[in-house]
Chemist: 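Take a look at the following structure, please.
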Amino acid sequence: MNGNRPKNFIYEIIDKDIEINKWGGRVHTRFPPEPNGYLHIGHAKSICLNYGIARDYNGKFNLRFDDTNPTKEEQEYVDSIIEDVKWLKADFENRILFASDYFEQMYEWAVKLIKKGKAYVDDLKLDEMRDHRGTVTEAGKESPFRNRSIEENLDLFERMRKGEFKNGEKVLRAKIDMSSPNMLMRDPVMYRIIHSSHHRTGDDWCIYPTYDWAHGLEDSIEGITHSICTLEFEVHRPLYDWFLDELEIYHPQQIEFARLNLSYTVMSKRKLLELVQESFVDGWDDPRMPTISGLRRRGFTPESIINFAEIVGVAKRDAMTDIALLEYAIREDLNKRAQRVMVVLKPLKVIITNFDEGKIEELEALNNPEDPSMGKRTVPFTKEIYIEQADFSENPPKGYHRLVPGGEVRLRYAYIIKCDQVIKNEKGEVIELYCSIDPDSKSGSGKSTKKVKGTIHWVSADQSVEIEARLYDRLFIVEDPAGEKEKDYRELINKNSLEIISGAKAEPFVKSAKAGDRFQFERNGYFCVDSKYSTESKLVFNRTVTLKDTWAKSLKQ
RNA sequence: UGCCGGGUCGUCUAAUGGUAGGACAGCGGCCUUUGGAGCCGUAUGUAGAGGUUCGAAUCCUCUCCCGGCAGCCA
């Protein structure tokens, strides 16, 4: 394999397996989501891991829906998951598979276990079964129905399938060991009765396999070699192995790794669903959500997420990854590829006193200083322009490099201007500046040797387009909202996670921007045309991430 | 106090008995027509105690801490 392959314990296991020819040199992984919600960045890590392994070992990668519970699953989720996995460039070669396609085979295997005396139908009610299960420190008790005859079990199980019983009336359980120290081995449920329509099989079935029963069978049917899952399934592994061994069928290896946790967000599907249902956010694809669709709408590139998944690594210890690492990944990517553009978010009008009214001077600007092949564009300069309110100060803090009364600053790709007069309204707020340009200081002219410390961005007042900018901040105010003992995570939501700026002024270049287009607004950050609210007459931009701002940081100290 | 798993810079992750390294974050500097980017430099870590060994993050013993497991969820 190539030398710069990721080095983690799973690759080591696979290397060894190949060495001993365990699977005939084959590598086949899968991503097995339940279609009960949208995928998030934690799933992205798993997708990249599983697909990456298949890619690195010239193996195969399946997308398989673990759709064994019709009460929670919907087609909408199936669709979004397929879109997200494709977007992440994980190539499943059209193998979109469904556990529900294996229901008949699973049923036959359950019959096989019954015939072997390894499974039985139990009439215990939910709470009775709980009582019989024991606790982590006490052994459980056997069900009075545990020793029914094989014939009776066969008959009852068939009648379960036919729909003769109501929800909860009976279950099929594996006959293992009610006193096992591993609670999962205390006669786990294999089938439960659920009279509801399944998004794919409709009303064909009223008994549905549980995860523990189904998952290994799915892997086995598909010829998976390495069944990679998260740490909480570690205690399930003996059960995974038990079913496959008892059935004497192809037996993949389950390997567990630590799921991704990201600071200042939550990562459980249940909590994300609640954020959506309780309208804390604007849907699953709200740009503040850690969902793949949210990140996409926010302006993240698939490459940045794939790279993030790589640099975050894979291990078995619980971890909380700093969201700064994700921000680093997208900045690094966008810095190299994003079209630069000047946009004034909070405009302050500047009148150039020594520039002719009505004159439009087209100035050259680099589309991306990091990549000359992206070429140049022109930006119109006129008598009235806007600069950022924050780029002018009457009482500048120490170290301020921008415009001050009587001071000079460079307008990017244009001239050096001097602030001659400050106009205020009756409330004393600065509303306008009168400035003069130094005609010899035109960018690229080489005439001026004058050096000024600051360079600020600007936009022509009449040669500009008004846009809306949505500035996002972290969704929560604490690092680990789900881990907080005293408070519900909902109380820890950042009330200022969204700021809508409606009167921003952009240079004409952005006029033709289409949904999903990404830009760097110079000195402000990376922005992406929103796919939901942006229209041709009113462009709406999402701020993907700010630029690093060492000045703002130094001000805080 | 049952079983399973895990503890390496602030964070994530390497080192598989032989110089504890990288990335992010931090700090300092250089450079800069983005206070961006880039470049250079720098501090910070093996949970604790014993033991084995010429040599231990790594092997052994004990202790401590963290996570998972008592759904007919996955």
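What's counted below: heavy atoms across the whole structure, side chains too, no hydrogens, waters or symmetry copies. Sequence lines set the chain letters: A, B, ... in the order given, protein chains first and strands last, and positions in each chain run from 1.
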Chemist: Students often get this wrong, so: under 4.0 angstrom with heavy atoms, is Met342(A) touching a base, only sugar-phosphate, or nothing?
Modeler: nothing
Chemist: Could you tell me the Watson-Crick or G-U partner of U32(B), where both distances fall under 3.5 Å? Say none if there is no partner.
Modeler: none
Chemist: For Val312(A), which contact category applies under a 4.0 Å heavy-atom criterion: base, sugar-phosphate, or nothing?
Modeler: sugar-phosphate
Chemist: Would you indicate which nucleotide in A70(B), U13(B), C69(B) comes nearest to any side-chain atom of Arg130(A)?
Modeler: A70(B)
Chemist: By nearest heavy atom, map Lys7(A) and Lys548(A) onto RNA chain B; which one lands nearer the 5' end?
Modeler: Lys7(A)
Chemist: So what does Glu522(A) hit on the nucleic acid, given a heavy-atom distance under 4.0 Å: a base, only sugar-phosphate, or nothing?
Modeler: base
Chemist: Tell me if G71(B) is syn or anti. Syn = glycosidic torsion within 90° of 0, anti otherwise.
Modeler: syn
Chemist: Do the charged groups of Glu408(A) and Lys450(A) touch, with an N to O distance under 4.0 Å?
Modeler: yes
Chemist: Using 4.0 Å as the upper bound for N to carboxylate O, is an ion pair formed by Asp123(A) and Arg148(A)?
Modeler: yes
Chemist: Would you mind classifying the nucleic acid contact of Val136(A) as base, sugar-phosphate or nothing, using non-hydrogen atoms under 4.0 angstrom?
Modeler: base
Chemist: Just name whichever nucleotide pairs with C69(B), Watson-Crick or G-U, keeping both distances under 3.5 Å, else none.
Modeler: G2(B)
Chemist: Are A74(B) and Tyr211(A) stacked, with the base six-membered ring and the side-chain ring centres under 5.5 Å apart and planes under 30°?
Modeler: no
Chemist: Counting any heavy atom closer than 4.0 Å, what does Phe257(A) reach on the DNA or RNA strands: base, sugar-phosphate only, or nothing?
Modeler: nothing
Chemist: Could you let me know what A37(B) is paired to, Watson-Crick or G-U wobble, both distances under 3.5 Å, or none if it's on its own?
Modeler: none
Chemist: Going by the rule side-chain hydrogen bond (donor to acceptor under 3.5 Å, both in side chains), which residues pair with Asp187(A) if we only count those two or more places apart in sequence or in a different chain?
Modeler: Tyr120(A), Arg146(A)
Chemist: Using 4.0 Å as the upper bound for N to carboxylate O, is an ion pair formed by Lys442(A) and Glu361(A)?
Modeler: yes
Chemist: Can you check whether His401(A) stacks with the G35(B) base, using ring centres under 5.5 Å and planes within 30°?
Modeler: yes
Chemist: Let me know which of Arg270(A), Glu73(A), Lys269(A) forms a side-chain hydrogen bond (donor to acceptor under 3.5 Å, both in side chains) with Asn36(A).
Modeler: Lys269(A)
Chemist: Partner lookup for G21(B), please. Criteria are Watson-Crick or G-U wobble with both distances under 3.5 angstrom; report none if nothing qualifies.
Modeler: U13(B)
Chemist: Can you check the distance between A43(B) and G21(B), where both ends of the measurement are the P atom (answer in whole Å)?
Modeler: 11 Å
Chemist: Starting at the 5' end of RNA chain B, which residue's closest nucleotide do you reach first, Lys125(A) or Lys553(A)?
Modeler: Lys553(A)
Chemist: Reckon Gly454(A) touches a base, only the sugar-phosphate, or nothing at all at heavy-atom distances under 4.0 Å?
Modeler: nothing
Chemist: Distance between the P atoms of U58(B) and G48(B), in whole angstroms?
Modeler: 11 Å
Chemist: Considering only the C1' atoms, how many Å lie between C54(B) and C12(B), rounded to the nearest integer?
Modeler: 35 Å
Chemist: Looking at every strand, decide which applies to Glu370(A) at a 4.0 Å heavy-atom threshold: base, sugar-phosphate, or nothing.
Modeler: base
Chemist: Please lay out, stage by stage, how Glu522(A) and Gln520(A) fare under the test side chain to side chain donor-acceptor pair (under 3.5 Å).
Modeler: CA-CA 6 Å; Glu522(A) 291 213 24; Gln520(A) 184 195 98; over 6 Å; no
Chemist: Quick one: which of A14(B), U33(B), C3(B) gets closest to the side chain of Pro181(A)?
Modeler: C3(B)
Chemist: Between Glu388(A) and Arg523(A), is the salt bridge (charged side-chain N to carboxylate O under 4.0 Å, His left out) condition met? List the steps.
Modeler: CA-CA 10 Å; Glu388(A) 210 72 65; Arg523(A) 299 209 308 136; over 6 Å; no
Chemist: Could you identify which residues of residues 64-77 of chain A place a heavy atom less than 4.0 Å from some atom of RNA chain B, listed by residue number, or say none?
Modeler: Asp66(A), Thr68(A), Asn69(A), Lys72(A)
Chemist: Expressed in whole Å, how much space separates the P atoms belonging to U13(B) and C30(B)?
Modeler: 36 Å
Chemist: Compute the centroid of each ring, for Phe157(A) and then for Tyr191(A), and state whether the two points are separated by less than 6.0 Å.
Modeler: yes
Chemist: Between A74(B), G36(B), A70(B), which nucleotide gets closest to the side-chain atoms of Glu34(A)?
Modeler: A74(B)
Chemist: Taking the side chain of Met129(A) as its heavy atoms from C-beta onward, which of U33(B), G5(B), C72(B) lies nearest to it?
Modeler: C72(B)
Chemist: How is Arg133(A) classified with respect to the nucleic acid when contacts are heavy atoms under 4.0 Å: base, sugar-phosphate, or nothing?
Modeler: sugar-phosphate
Chemist: Which value, in whole Å, describes the distance between the P atoms of nucleotides G18(B) and C59(B)?
Modeler: 12 Å
Chemist: When rounded to the nearest Å, what value does the distance between C1' atoms of U63(B) and C24(B) take?
Modeler: 34 Å
Chemist: Kindly assign one of parallel, tilted or perpendicular to the pair Trp205(A) and Tyr107(A), based on the angle between their ring planes and the thresholds 30° and 60°.
Modeler: tilted
Chemist: For atom C1', what is the distance between C60(B) and G17(B), given to the nearest Å?
Modeler: 14 Å
Chemist: Going by purine N1 to pyrimidine N3 plus the second Watson-Crick contact, or the G-U wobble pair, all under 3.5 Å, which nucleotide sits opposite A57(B)?
Modeler: none
Chemist: Among residues 171-178 of chain A, which residues get a heavy atom nearer than 4.0 Å to RNA chain B?
Modeler: Val171(A)
Chemist: Taking the basic N atoms (NZ, or NE/NH1/NH2) and the acidic carboxylate oxygens, is any pair closer than 4.0 Å for Glu34(A) and Lys72(A)?
Modeler: no
Chemist: Do NZ/NE/NH1/NH2 and the carboxylate oxygens of Lys376(A) and Glu364(A) come within less than 4.0 Å?
Modeler: yes
Chemist: Contact class for Phe233(A) vs. all strands (heavy atom < 4.0 Å): base, sugar-phosphate, or nothing?
Modeler: base
Chemist: Taking the C1' atom of each, how far is C69(B) from U42(B), in whole Å?
Modeler: 46 Å
Chemist: Is any N or O donor-acceptor pair between the side chain of His236(A) and the base of A74(B) shorter than 3.5 Å?
Modeler: yes
Chemist: Does Arg523(A) get its side chain close enough to the base of U34(B), under 3.5 Å, for a donor-acceptor pair?
Modeler: no
Chemist: My understanding is that a pair needs two contacts under 3.5 Å, Watson-Crick or G-U wobble. By that rule, which nucleotide pairs with A74(B)?
Modeler: none
Chemist: Going by purine N1 to pyrimidine N3 plus the second Watson-Crick contact, or the G-U wobble pair, all under 3.5 Å, which nucleotide sits opposite C64(B)?
Modeler: G7(B)
Chemist: Looking across every strand, which nucleic acid part, if any, lies under 4.0 Å from Leu325(A) by heavy atom: base, sugar-phosphate, or nothing?
Modeler: sugar-phosphate
Chemist: Which part of the nucleic acid does Leu334(A) contact within heavy-atom distance under 4.0 Å: base, sugar-phosphate only, or nothing?
Modeler: nothing
Chemist: Within the 4.0 Å heavy-atom criterion, would you say Thr135(A) contacts the bases, only the backbone, or no part of the nucleic acid?
Modeler: base
Chemist: Describe the nucleic acid contact of Pro33(A) in one word from base, sugar-phosphate, nothing, applying a heavy-atom distance below 4.0 Å.
Modeler: nothing
Chemist: Under 4.0 Å between any heavy atoms, over every strand shown, what does Leu231(A) touch: base, sugar-phosphate, or nothing? Just pick one.
Modeler: nothing
Chemist: Hey, is Glu222(A) close enough to Arg30(A) for a salt bridge, meaning N to O under 4.0 Å?
Modeler: no
Chemist: Should Arg64(A) and Asp219(A) count as an ion pair when the cut-off is N to O under 4.0 Å?
Modeler: yes
Chemist: Measure from the side-chain heavy atoms of Arg192(A) and tell me the nearest of U11(B), U34(B), C73(B).
Modeler: C73(B)
